[in-house]
2 protein chains.
Amino acid sequence: MERSTRQRSAIRAVIEAATRPLTPQEVLDGARTEVAGMGIATVYRNLKLLVEEGSVQVVELPGDSPRYESKHLDHHHHFQCRQCDRVFDVHGCPGDLTRFAPTGFRVESHELTLYGQCADCAGAASG
Amino acid sequence: MERSTRQRSAIRAVIEAATRPLTPQEVLDGARTEVAGMGIATVYRNLKLLVEEGSVQVVELPGDSPRYESKHLDHHHHFQCRQCDRVFDVHGCPGDLTRFAPTGFRVESHELTLYGQCADCAGAASG
DNA sequence: GTCGCTGCAAACGGTTTGCATGAGA
DNA sequence: TCTCATGCAAACCGTTTGCAGCGAC
């Protein structure tokens with residue numbers, strides 16, 4: 001049976017409070033403000049658990065390590081800032097992409113990642 | 001100055017002959033049929049070099065290690081088979097995606113990955 | 001008192017690097 | 001001959017695992 005620990009609550013809270021997908025390290029940093037001395041292994045173990053139970057989803061990015069965010073019900077994609085590496089949600093989707101696949105291929109899903117500058121970095125650069 | 005070695009030629013040949021992006025290990029396996037005993041470090045060093053010189057490009061995939069393919073001039077995307085994990089080129093692109101980004105964000109490029117079953121695996125499953 | 005959870009440290013696996021040797025030019 | 005390139009093995013780094021002690025229930 002699953003227990004409620006200070007560590008697990010802190011991890012859950014950090015992810016729920018976030019406005020963008022976080023790396024395990026970012027989750028640890030956030031959770032440590034509540035539970036000092038928490039170990040990174042605890043973060044990984046709990047992330048895995050939360051993903052399995054369905055309250056958290058993994059955001060996999062091309063060539064970068066995964067981020068974690070609260071489960072959204074809507075289909076969405078992500079934007080990664082080339083400058084600060086942070087990832088943000090992007091709502092909207094180009095729609096049906098099956099027409100791009102070669103003949104005989106069965107398309108089941110897709111991932112779209114936009115790259116560029118986030119508002120913070122674009123503002124800092126031009127301001 | 002850059003030298004022409006048997007290893008480098010073999011690696012180049014394997015990538016040029018491939019019809020899809022290859023993993024470093026696949027490149028090694030292919031190159032070893034020509035130069036037995038080649039080491040994986042040599043593959044990594046040469047891939048890096050070929051990417052820098054522009055004749056090979058990296059294909060980064062969400063949650064998977066990079067693949068390598070000959071440089072194509074056309075903008076294209078990729079399809080990864082959920083069953084055999086191989087990656088294939090997909091020609092075509094949904095077009096302008098800047099409209100999906102939040103206000104203040106600057107979109108410079110994008111990556112699109114389709115997932116499903118390749119023709120081989122779909123055929124084997126239904127046949 | 002159980003037994004799941006945690007922190008620590010070691011293990012892992014793909015990638016990179018240091019070093020002595022080998023081989024293009 | 002002069003170096004760049006190679007093979008080997010060790011180092012790296014993010015992630016996972018083994019284990020003994022802790023703490024939720």
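We name chains A, B, ... by the order of the sequence lines, and we start the count at 1 in each one.
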Taking the side chain from B:Glu26 and the backbone from B:Thr23, do they hold a donor-acceptor pair closer than 3.5 Å?
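Yes: the side chain of B:Glu26 pairs with the backbone of B:Thr23.
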Taking B:Val87's backbone N and O only, do any of them form a donor-acceptor pair with B:Arg67's side chain (distance below 3.5 Å, no angle check)?
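Here the side-chain-to-backbone pair does not exist.
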What is the distance, to the nearest angstrom, from the [atom1] atom on [X] to the [atom2] atom on [N]?
X: B:Leu47; N: C:dG14; atom1: CG; atom2: P; result: 16 Å
X: B:Ile40; N: D:dA9; atom1: CD1; atom2: P; result: 15 Å
X: A:Glu26; N: D:dG14; atom1: CD; atom2: P; result: 13 Å
X: A:Gln25; N: D:dG14; atom1: CD; atom2: C1'; result: 10 Å
X: B:Ile11; N: D:dG7; atom1: CD1; atom2: P; result: 9 Å
X: A:Met38; N: D:dC22; atom1: CE; atom2: C1'; result: 15 Å
X: B:Leu22; N: C:dG14; atom1: CG; atom2: C1'; result: 17 Å
X: B:Arg32; N: D:dG7; atom1: CZ; atom2: C1'; result: 10 Å

Is a donor-acceptor contact shorter than 3.5 angstrom present between the side chain of [X] and the base of [N]?
X: A:Arg45; N: D:dG18; answer: yes
X: B:Arg6; N: C:dG24; answer: no
X: A:Arg3; N: C:dC5; answer: no

Quick one: is A:Gln7 getting a side-chain N or O under 4.0 Å of the C:dG7 phosphate, OP1 or OP2?
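Yes.
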Side-chain N,O (B:Thr5) to OP1/OP2 (D:dT6) below 4.0 Å
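Indeed, a polar side-chain atom of B:Thr5 lies that close.
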Indicate, with yes or no, if the rings of B:Phe105 and A:Phe88 have centres closer together than 6.0 Å.
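Centroid separation for B:Phe105 and A:Phe88: below 6.0 Å.
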Can you confirm if the aromatic rings of B:His110 and B:His75 lie within a centre distance of less than 6.0 Å?
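So the answer is yes for these two rings.
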Can you see which heavy atom on A:Leu97 is nearest to which on A:Pro94, and at what distance?
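Of all heavy-atom pairs spanning A:Leu97 and A:Pro94, the closest is CD2-CG, 4.2 Å.
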For DNA chain C, which residues in residues 49-67 of chain B have a heavy atom at a distance below 4.0 Å?
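Contacts with DNA chain C under 4.0 Å: B:Ser65, B:Pro66.
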Report the residue (B:Ala41 or B:Ser4) whose heavy-atom-nearest nucleotide on DNA chain C is the more 5′ of the two.
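Of the two residues, B:Ala41 wins.
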Here's a test of your reading of the structure: between B:Glu2 and B:Pro24, which maps to the more 5' nucleotide of DNA chain C?
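Per heavy-atom nearest nucleotide, the more 5' residue is B:Pro24.
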Does the side chain of A:Thr98 come under 3.5 Å of the side chain of A:Arg106 through a donor N or O and an acceptor N or O?
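No.
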How is A:Arg8 classified with respect to the nucleic acid when contacts are heavy atoms under 4.0 Å: base, sugar-phosphate, or nothing?
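Since only primed, P, OP1 and OP2 atoms lie under 4.0 Å of A:Arg8, the category is sugar-phosphate.
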Looking at B:Asp89, B:Leu114, B:Val90, which one forms a side-chain contact (heavy atoms from CB on, under 4.5 Å) with B:His78?
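Only match with B:His78 under side-chain contact (heavy atoms from CB on, under 4.5 Å): B:Asp89.
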